[in-house]
Every structure is written in structure tokens, then in C-alpha cells.
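Below, chains carry the letters A, B, ... as their sequence lines are ordered, and counting in each starts from 1.
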Amino acid sequence: MPELPEVETAARSLAPQVVGRTIVGVERLDWERMVETPPAPLFRELIVGRRILAVRRRSKWLLIELEGGWTLAIHLRMSGRLTVHDAAEPARHHVHLVLRLDDGRRIFFDDERKFGRVRLLDAAGLAALDAAHGPEPLDERFTAEALARALAGRRTRIKPLLLDQRTIAGMGNIYASEALWLARIHPLTPAASLNTGAIVALHGAIRQVLATAIAHEGSSLRNYRNGYGRQGQNQEHFLVYDRAGMPCQRCGTPIERIIVGQRSTFLCPVCQPITG
DNA sequence: CATTACCTGCAA
DNA sequence: TTGCAGGTAATG
């Protein structure tokens with residue numbers, strides 16, 4: 001489910017609720033595979049009693065920084081949501097991890113499809129996670145030149161390349177289609193064949209669609225909610241995603257849905273020519 | 001490169 | 001019943 005804008009919105013909405021609080025207990029952990037490292041007993045021992053110093057995002061990972069140099073890294077994958085609740089709120093069936101805080105409130109990790117993952121990382125583990133991902137697209141260091149370097153010599157099609165987290169951190173299936181439509185680039189265009197003008201357009205489009213989605217607090221198609229349990233609004237502003245058969249907002253041509261790399265991809269066949 | 005696996009729920 | 005869903009890793 002969540003891509004960069006949804007994880008960013010989750011981090012921003014969680015921070016004011018939990019920063020400064022101390023984790024006083026792990027009240028539920030009923031899906032063992034969710035915690036990848038360390039083993040559950042050690043996981044519990046290491047996080048209980050630690051204060052939360054910050055909540056931030058790297059790529060699609062939500063990072064909860066704890067005292068003592070530990071970071072609770074959480075990936076929501078397809079259906080995860082992290083929310084904070086008062087003590088009396090019951091945890092429903094799909095809540096697989098519950099963390100109790102020192103003010104009595106609780107953090108729920110709700111994950112219908114059980115794809116979500118949790119890691120407790122030390123400084124080295126966090127550095128490795130960071131190194132496994134490409135540049136943050138909203139960082140000032142992500143320039144059109146940086147994008148050009150990332151695409152140079154890559155004969156693979158542009159859309160799957162955008163979904164590769166080593167190319168650009170945090171891009172996902174929704175915003176890849178959105179950015180390519182905005183930049184007027186066909187999803188099947190070989191990356192290396194994009195000229196400078198197309199790369200500059202794509203760079204701007206990526207930043208624009210992500211910033212707009214954050215401004216709308218992310219997209220909620222099914223499961224996504226922010227830290228307060230609220231839906232995002234960006235699904236009401238989609239340019240092409242999930243709009244097959246509806247008119248292109250630039251030229252009126254019906255939007256097409258094709259499969260690229262096993263993923264649904266939406267485009268306007270008229271204003272996204274194959275050459276980019 | 002494509003396919004399969006991991007999971008559950010919902011709509012066609 | 002089938003296909004599909006915002007992600008990623010592990011296979012041919």
C-alpha cells in the first residue's frame with residue numbers, strides 16, 4: 001500500500017503522538033514472521049524501557065529512533081497501518097503488534113495481509129538499510145543530473161526502473177504511473193533512450209506528484225490510514241492511476257491500463273509517446 | 001527478464 | 001471462482 005507520501009504522512013502524524021514517550025511493554029506479537037530481527041524474546045527485551053526520540057522516514061521505511069542507538073524500522077508493505085490509541089481502544093483481529101507507552105496509550109501495527117515487517121536495528125544495521133536505497137527524491141541532492149546518472153546506460157524500461165528502490169527511494173506503483181503521465185513518457189520507454197529534456201521533465205514530475213500527494217496526506221485506496229487513523233485524500237486527485245477508460249486530463253483520449261513487470265500501469269496512449 | 005511466493009479480502 | 005490489490009524477495 002504505502003509509497004513515499006503515505007509513509008511520510010504516517011511519520012509526521014505519529015511523531016507528535018509518541019516522541020518523548022517510553023515504550024513500557026509489548027502487549028501483542030502474534031505473527032512471528034513480522035519481526036525479522038532480532039528474535040522475539042530479544043526484541044521485547046531490547047525495546048521495553050526505551051524512550052522514543054524521533055519518528056522519520058527513509059524510502060518506504062518508517063524509522064522510530066529509540067534511546068541507546070536503536071531504531072525500530074517498520075515497513076508497511078501492502079496493507080500495514082500504524083496508529084495510536086487510548087488505553088481503552090480494543091485491538092482488532094488484524095493488529096499483530098501492540099506497543100504500550102508510558103502514558104497508557106498504545107501503538108497498533110495493523111496488517112491485514114501480513115506482509116509488513118519490523119526490524120530493530122543498531123547503528124550498523126541502520127547504515128546498511130540506508131545504503132540499500134537510492135536517493136530521496138524530495139531531497140535537494142536529488143537533481144535532474146543525479147537522475148540522469150541513475151538512468152545512464154540502463155536499457156531496461158523506465159517504469160520498472162522507477163519501482164526499483166535503488167534507483168529512487170520510495171517510488172511505488174501509483175506514483176510511477178502518475179509521474180510518467182505528467183512527464184509525457186511512455187512506461188515502456190528504455191531508460192537510456194530518454195533525452196535530457198525528458199529527464200528534466202521526469203525529475204520535476206516525480207517531485208511534483210510526491211509533494212502533491214504529501215500535501216493531500218497520501219492516497220487511501222483500501223487500507224492506508226495515518227497515525228490518527230485518518231484516510232488520505234490524494235486518491236481524489238489521481239492523474240491516471242486507476243482511471244482506465246476515463247478521459248485523459250490533457251487530451252481526452254481514454255486512459256489505458258497495461259501490465260508492465262507484472263504490475264498494472266496506466267497511461268495516455270496519445271500524449272505519452274514511446275520514445276519519451 | 002519472467003514467474004512465484006508471501007497473505008487476506010473484496011469485487012466481478 | 002477468478003482476478004486483483006499501494007511491496008519485496010526468492011526463484012528459473
* Closest to the A/Y241 side chain, choosing from B/dG9, C/dA5, C/dG7 ->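 Between B/dG9, C/dA5, C/dG7, the one nearest the side chain of A/Y241 would be C/dA5.
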* Does one side chain, of A/Y241 or A/S264, offer a donor that lies under 3.5 Å from an acceptor on the other? -> no
Reckon [X] has a side-chain N or O less than 4.0 Å from the OP1 or OP2 of [N]?
X	N	value
A/T156	B/dC1	yes
A/S79	B/dG9	no
A/H94	B/dT8	no
A/Q165	C/dT8	yes

* **Aromatic ring pairing A/H75/A/W61, orientation class (parallel under 30°, perpendicular over 60°, tilted between)** =>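 A/H75 and A/W61: perpendicular rings.
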* Asked: Taking the hydrophobic residues Ile, Leu, Val, Met, Phe, Trp and Tyr, and joining any pair whose side-chain heavy atoms are under 4.5 Å apart, which ones share a cluster with A/Y228?
  -> none
Within this structure, what is the [atom1]-to-[atom2] distance between [X] and [N], rounded to whole angstrom?
X	N	atom1	atom2	answer
A/R58	C/dG7	CZ	C1'	17 Å
A/R263	C/dC4	CZ	P	13 Å
A/E112	B/dC10	CD	C1'	9 Å
A/H75	B/dC7	NE2	P	17 Å
A/D242	B/dA11	CG	C1'	13 Å

* **A/F109 and A/H96 aromatic centres sub-6.0 Å** => no
* Testing A/R92, A/R81, A/H94 for side chain to side chain donor-acceptor pair (under 3.5 Å) with A/D110, which one passes? -> A/R92
What protein N or O atoms touch nucleotides 2-6 of chain B N or O atoms at under 3.5 angstrom, if any, and at what distances?
residue : atom : partner : partner atom : Å
B/dA2   : OP2  : A/R157  : NH2          : 3.3
B/dT3   : OP2  : A/Q262  : NE2          : 3.4

* In whole Å, what separates the P atom of B/dC7 from that of C/dA10? -> 14 Å
* **Pair pattern of DNA chain C in dot-bracket, where unpaired bases get dots and | marks partners in another strand, Watson-Crick or G-U under 3.5 angstrom** => |||||.||||||
